[in-house]
Amino acid sequence: MLNADPLLTRPTLTSPTLLSTALDGIRLKAATSAELWHLLTQNFTVDLDAVAALVPAEEPEPAWLSVRD
């Protein structure tokens with residue numbers, strides 16, 4: 001994430017209701033969760049822990065061992 005520009009004011013989302021509404025709008029524009037995080041942090045000042053609680057974690061696909069004969 002880029003350093004925040006102190007001269008650029010961004011709306012602050014502190015309420016979980018406002019945060020979830022903003023996330024619903026941004027989800028339509030973002031193809032991946034990385035894009036979702038990027039768009040959210042570029043446009044708003046948010047509590048990252050609150051966002052992490054609302055955005056489901058992407059679990060990696062398990063790498064299965066090959067079956068022995």
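Along the sequence shown, residues carry numbers from 1.
- Taking every heavy atom of both residues into account, R10 and Q42 meet most closely at NE-O, 3.0 Å.
- Counting only distance, with no hydrogens or angles, the side chain of S33 and the backbone of L36 share no donor-acceptor pair below 3.5 Å.
- Here the straight-line distance linking atom CD1 of I26 with atom OG1 of T21 works out to 11.0 Å at 0.5 Å rounding.
- Summarising the geometry, atom CG belonging to L23 is positioned 11.0 Å from atom CG belonging to L18; distances are rounded to the nearest 0.5 Å.
- The side-chain contact (heavy atoms from CB on, under 4.5 Å) test with S15 is passed by exactly one of T17, L13, L19, T12: T17.
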Just distance, no hydrogens or angles: give the donor-acceptor pairs under 3.5 Å from side chains in residues 43-55, sequence neighbours left out.
unit_1 : atom_1 : unit_2 : atom_2 : d
N43    : ND2    : L39    : O      : 2.8
D47    : OD1    : D49    : N      : 3.3

